[in-house]
*Asks:* 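This is the structure I have questions about; it appears just below.
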2 protein chains.
Amino acid sequence: MVRVREPLTRTAVLERAIRLIDHEGPGAVTMRRLAAELGVEAMSLYHHVKNKQDILDGMAALLISRMPTLTSADDASWREILHDVCWSYRNLMTAHPNVFAAQGGGRPLISGEDQLAAQRIIEVLERAGFPLEIALDLFQVGSSFTRGFALSDVAYRDSERTVPDEWDSDRAFDRGLTAIMDGFARWLD
Amino acid sequence: MVRVREPLTRTAVLERAIRLIDHEGPGAVTMRRLAAELGVEAMSLYHHVKNKQDILDGMAALLISRMPTLTSADDASWREILHDVCWSYRNLMTAHPNVFAAQGGGRPLISGEDQLAAQRIIEVLERAGFPLEIALDLFQVGSSFTRGFALSDVAYRDSERTVPDEWDSDRAFDRGLTAIMDGFARWLD
DNA sequence: ACCTGAACACCGTTCAAGT
DNA sequence: ACCTGAACACCGTTCAAGT
């Protein structure tokens, strides 16, 4: 008997789940449907994944773990770096809105894989002259703002609600980010 | 035959749902369980509520509609007003984390009941001297920041992840809000 | 080790029927 | 008008059995 297909892996399950939720929405991600998509029975998934919640959390974790950690130039300022990271994160969330909405925005930003990335950003801020306490606040503020903004953004896009003509999310996001950095700059030595 | 209990109302259903999700978590809010809680059969709920999603959305909408719109003094500055509104919203979200997590942070902030409140804040900002475009951006930034911050906050609280000692969410939130207001102040005439 | 069939204890929702 | 019983088409998950 030849093995007719590669054995499943956790990553393969999560990748398929992401593709499914992206294309068909949260309702399509059921154990049975996802398994069928992988050419397997529902119960097989439990060998690679703890349960359904694990899939929901795992999708976002996988995407975040694949985000390039430092796209900025080597000699980039803290402002450039923070700007780039927040925009990367925003773009990721708007590219996969259902993935991030699926866990209710409820997952800690720093968890496991991305903890290292967080640490690196905080170090950048400290090296730039921010006291540790302020650097932590700025990190927390920046990430919460970015996440909250992306979530609201998608919610408006999906709702039938008409929005003022002057409304422009990209512009508002950039102004918000700039305002935050301007505001925190006063803590620099 | 005496009527033994008041007929149900949409509000009563939503209030009970809020109490249920607050005390027993999202898993407890099923049509059958909620109905039992109200001394009724599951199918009766459909006379007062469109479906389950309607309940999920309705809980948050009800809480928001009951938020006092202007707690600030009459002669309060735009900074005081924005500060108070954002803190009220933050406090509401942390008081009912499951309600707001249940809809994935995915509901537009301005919808129906709260649209008036939003309009009032934007007017405050315009009267203070912000051009309309900037006032809209500031509103969007402030509300997204507040929502995102509360969501992250609850996520950390619920996770077992240990967080740096210097981490203080209330302090960070207030600094973030101050930074945003400082940053936007440059657009004043 | 990895996959499966059958089963369990649930879901949300529809519909025709009751009062 | 409001409530219900029975039913439909699903769920996530466990478990013992297969290879």
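Only heavy atoms go into these numbers, but all of them, side chains included; no hydrogens, no water, no symmetry mates. Within every chain, numbering begins at 1; the chains are lettered A, B, ... in the order of the sequence lines, protein sequences first and strands thereafter.
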*Asks:* Output the distance between atom CZ (B:F100) and atom CD1 (B:I64), rounded to the nearest 0.5 Å.
*Replies:*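 Result: 5.0 Å between the selected atoms.
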*Asks:* Does any part of the side chain of B:D137, heavy atoms only, come nearer than 4.5 Å to the side chain of A:R171, both counted from C-beta?
*Replies:* yes
*Asks:* Rounded to whole Å, please give me the gap between CZ in B:R33 and P in C:dA9.
*Replies:*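 Whole-Å distance recorded here is 19 Å.
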*Asks:* State which residues pass side chain to side chain donor-acceptor pair (under 3.5 Å) with A:R66; sequence neighbours excluded, sorted by chain then number.
*Replies:*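 So A:R66 forms a side chain to side chain donor-acceptor pair (under 3.5 Å) with A:E15.
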*Asks:* Roughly, in whole Å, what's the span from CD1 in B:I55 to C1' in C:dC11?
*Replies:*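 Computing the B:I55:CD1 to C:dC11:C1' distance gives 13 Å.
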*Asks:* If the condition is ring pair (Phe, Tyr, Trp, His ring centres under 6.0 Å), which residues does B:F173 pass it with, not counting sequence neighbours?
*Replies:* B:W87, B:F145, B:F149
*Asks:* Pick the nucleotide of DNA chain C nearest each of B:G27 and A:L45; which residue has the one closer to the 5' end?
*Replies:*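 Counting from the 5' end, the first nearest nucleotide belongs to A:L45.
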*Asks:* State which residues pass side chain to side chain contact (heavy atoms under 4.5 Å, CB included) with B:H48; sequence neighbours excluded, sorted by chain then number.
*Replies:*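 With neighbours one apart ignored, the set is B:L8, B:V13.
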*Asks:* Just to verify, what does B:R19 make a side chain to side chain donor-acceptor pair (under 3.5 Å) with, not counting sequence neighbours?
*Replies:*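 Applying side chain to side chain donor-acceptor pair (under 3.5 Å) to B:R19 gives none.
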*Asks:* So, do A:T178 and A:D174 sit near enough that their side-chain heavy atoms are less than 4.5 Å apart?
*Replies:*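 They are in side-chain contact.
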*Asks:* Look at B:S44 and D:dT4 and indicate whether a side-chain polar atom (N or O) is within less than 4.0 Å of OP1 or OP2.
*Replies:*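 So the side-chain polar atoms of B:S44 do come within 4.0 Å of the phosphate oxygens OP1 or OP2 of D:dT4, strictly under.
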*Asks:* Are A:Q140 and B:S152 linked by a side-chain donor-acceptor pair shorter than 3.5 Å?
*Replies:*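 On atom types as modelled, these side chains do not qualify, holding no pair under 3.5 Å.
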*Asks:* What does the list of N/O pairs under 3.5 Å between the protein and nucleotides 12-19 of chain C look like, with a distance for each?
*Replies:*
residue : atom : partner : partner atom : Å
C:dG12  : OP1  : B:K52   : NZ           : 3.0
C:dG12  : OP2  : B:M31   : N            : 3.0
C:dG12  : N7   : B:R32   : NH2          : 2.5
C:dG12  : O6   : B:R32   : NH2          : 2.7
C:dT13  : OP2  : B:Y46   : OH           : 2.9
C:dT13  : OP2  : B:K52   : N            : 3.0
C:dT13  : O5'  : B:Y46   : OH           : 3.2

*Asks:* Between A:H48 and C:dC3, does any side-chain N or O lie under 4.0 Å from OP1 or OP2?
*Replies:*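 It does, given that an N or O in the side chain of A:H48 lies less than 4.0 Å from OP1 or OP2 of C:dC3.
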*Asks:* How does DNA chain C look in dot-bracket form if you count Watson-Crick and G-U pairs under 3.5 Å, write [ ] for pairs that cross, and put | where a base pairs with another strand?
*Replies:* ||.|||||...|||||.||
